[in-house]
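Just so it is clear: chains get the letters A, B, ... in the order the sequence lines come, proteins before strands, and each one is counted from 1.
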Amino acid sequence: MMTEKLSFKKGKRGRAAFIICNTVFLCLLMLIMVIPLWKVIVDSLDPTSVGIRLWPKQISFYAYKTILSKKSLYLPFFVSVYTTIGATAVGLLMTTLAAYVILQQEIPGRKLMITYIMFTMLFSGGMIPAYLNIQKLGLMNNLLVIILPAGVSTYNIVLMRSFFESIPSTLYEAAELDGCTPLRTFWKIVLPLSKPALASVGLFIAVGTWNEYMPFILYMQDNSKMNFQVKVRELILQDALAGTAISASDDMLKSAVVVVVVFPFLIIYPFVQKYFTKGVTVGAVKG
Amino acid sequence: MHMKSNKEKPTKYVPPKKNFKQKMIDIYHYRWFYLMFLPVFLSLLIFHYFPIYGIKYAFYDYTPFKQPEWVGWENFSYLFSSARFWRAFRNTIELSFIKLVLGMVFSVGLALLIDEIRSVTFRKLTQTIVYIPHFISWVVVASIFTLFLSPQSGMVNAIITALGGESIYFLASDSWWRVVFYLLNLWKETGWGTIIYIAALAGVDQEMYEAAAIDGATHWQRVRHVSIPAISVTILTVFILNLAKVLNLFDSVFVLQNDSVIKSSDVIGTYVYRMGIVSANYGVSTASGLFKSVISVVLITVANKINKKIKGEGILG
């Protein structure tokens, strides 16, 4: 990368002006990205905060205490955690398996397998046939519907394959010569070397499942099977549509629920971000 | 003369022709891999290929209270004579194309600006922050902005009233709903959209910039004539991949929609949901879903053909 010093010498002034404008513009843009999120956090903490205020005048944990005392929110949170862990485990297994098999250049039927996976991106039955299918399989109201299909996304498989390609093939060959079965090679060599890819694809699947909303609305019938996203939406819509005046504490509570649902992601994100920038980049340039 | 063969271009790998016995030996050799593919095969079969069989209900009269009955093209003639269906169709095209074009223009622009940053720390900070909204679900985005844009206590309306204006119920106004929809899409996805262009820009040969500089190109000319052409293939690829998803508009609209803005916000996805899940008219809703899927396939096939002409190879192989 070129390094360039900010210089105000004659002839370079236009460039310097651009660099300053660019920096200011990007800072403003970041502010726009962050303000709606920041405002929710402030509103969840400050009982007097209405309207324009962006800094809490006083801090109260009233809303969070109320959430903790609401036992009806525990189960949806647990459902979210359970489905997220399950879907991430299943999804990572499926994605890595598919990517590893497709990596074998000479396996008979390779093209067929790729077409089998790619076709899902091109054409699908649609919402109603999928719904009727789940009904016929007797999986209505069963959380497995959320966990099992999560894995196989074409995009993730392509990403994972590009990463596997960067592992030197001599390693596979050496393992084969030592008498490792492909399953053992996969488990002992491929997976341990793929931590960055596993972290980024894992993050995508986990966030995707944590954020899942429609499958719960479509396939779950009991209130006890709903996840946190469904609950958040219920709470937000409670009186917004009725048009009744909303008390300040109500707004605090709604903001706090939003903070709680985003919080787990914001905790993990900084740790995983460096991996996925790299992982996605590899996939993007090659795939 | 024998040196000539070394200079031949490397050709694409073509597996040697094999007879039946050799093939069986090969398949046996790879037996473990077929076992590894089995879970993937089953998962796709059950959750993706089974529903495709259910498309036949587009040609049936089917509700939960009676046996499916073959009606031929009747569901389609019902749809094509329904004003609501055409409204949903027009809305889908308009909303998703404007969203797609806006999103790409802003993402490319932002990627070019981020590429100009020379400080590694500032660059990382910018990237970290602009990616965040992508990971927030549409349900939560809708929740955040329901609060943010609320006519009673929202920040935006507080600013409007402080400036002497009248507060606006953005999400329940037919004229504002679309503007909000486009802006929220930009807020959520512009940053994430840059990731692929930034990678492509990082891959541009530095010598090209140096050569341009020696030829006396200004910085802007280098961006215009080196950077942008270098990522044009990526832009095209992203456009085509997104084109396949253009009609799949659903979650974002569903969570932002309410009864007062149905006119400007109803899309095929939400129409199918209301017809199929709320009114339980499986036949008609499957038919409208199928109509949507077929158009998607046509769109992506045409786009892939064009892509092949320009690039010499398609994305779908």
Tell me the closest heavy-atom pair linking [X] and [Y], and the distance in Å.
X	Y	result
A:Ser124	B:Ile52	C-CG1, 4.3 Å
A:Arg233	B:Val255	NH1-O, 3.1 Å
A:Val40	B:Ile144	CG2-CG2, 3.8 Å
A:Pro36	B:Phe148	CA-CE1, 4.0 Å
B:Val40	A:Met94	CG2-O, 3.6 Å
A:Tyr116	B:Tyr49	O-OH, 2.6 Å

Who wins among [options] for the most heavy-atom pairs under 4.5 Å with chain B?
options	value
A:Val207, A:Thr120, A:Val258	A:Thr120
A:Pro270, A:Gly125, A:Gly208, A:Pro129	A:Pro129
A:Leu137, A:Leu37, A:Ile102, A:Val262	A:Leu37
A:Ile134, A:Val232, A:Thr181, A:Leu93	A:Thr181
A:Leu97, A:Asn22, A:Ile114, A:Val145	A:Asn22
A:Leu26, A:Ile128, A:Leu29	A:Ile128

I need the residue from [options] with the largest number of non-hydrogen atom pairs under 4.5 Å to chain A.
options	value
B:Thr128, B:Ile27, B:Asn157	B:Thr128
B:Thr286, B:Val297, B:Leu44	B:Leu44
B:Pro133, B:Ser143, B:Gly54, B:Ser119	B:Ser143

Could you please spell out the steps behind the side chain to side chain contact (heavy atoms under 4.5 Å, CB included) verdict for B:Tyr53 and A:Asn133? CA-CA 9 Å; B:Tyr53 171 74; A:Asn133 178 46; over 6 Å; no

With a 4.5 angstrom heavy-atom cut-off, which part of [X] approaches chain A: side chain, backbone, both or neither?
X	answer
B:Phe37	both
B:Ala162	side chain
B:Leu45	both
B:Leu290	side chain
B:Phe145	side chain
B:Pro39	both
B:Ile136	both
B:Ser296	neither

Taking atom [atom1] of [X] and atom [atom2] of [Y], what is their separation to the nearest 0.5 Å?
X	Y	atom1	atom2	answer
A:Cys21	B:Leu113	SG	CG	11.0 Å
B:Ile300	A:Met121	CD1	CE	6.0 Å
B:Ile132	A:Met33	CD1	CE	10.0 Å
B:Ser153	A:Met252	OG	CE	13.0 Å
A:Asp43	B:Met155	CG	CE	9.5 Å
A:Gln273	B:Lys124	CD	NZ	8.5 Å

Checking heavy atoms, do the side chain of [X], its backbone, both or neither come under 4.5 Å from chain B?
X	answer
A:Leu132	side chain
A:Gln104	side chain
A:Ile117	both
A:Phe265	side chain
A:Met127	side chain

Whether [X] and [Y] hold their rings parallel, tilted or perpendicular, with breakpoints at 30° and 60°:
X	Y	value
A:Tyr100	B:Phe33	tilted
B:His219	A:Phe18	tilted
A:Tyr213	B:Phe254	tilted

Close aromatic pair by centroid cut-off 6.0 Å: A:Tyr269 and B:Tyr131: no

For [X], I'd like to know if atom [atom1] has over 12 heavy atoms of other residues, nucleotides or ligands within 6.0 Å.
X	atom1	answer
A:Gln135	CD	yes
B:Leu163	CG	yes
B:Phe122	CZ	yes
B:Phe106	CZ	no

Under the side chain to side chain donor-acceptor pair (under 3.5 Å) rule, what pairs show up with a residue in residues 23-36 of chain B, not counting sequence neighbours? B:Lys18-B:Asp26

Any [X] side-chain heavy atom under 4.5 Å of [Y] side chain:
X	Y	result
B:Glu116	A:Ile19	no
A:Ile217	B:Tyr273	yes
A:Asn211	B:Val139	no

Partners meeting side chain to side chain contact (heavy atoms under 4.5 Å, CB included) with B:Ser293 (sequence neighbours left out): A:Phe123

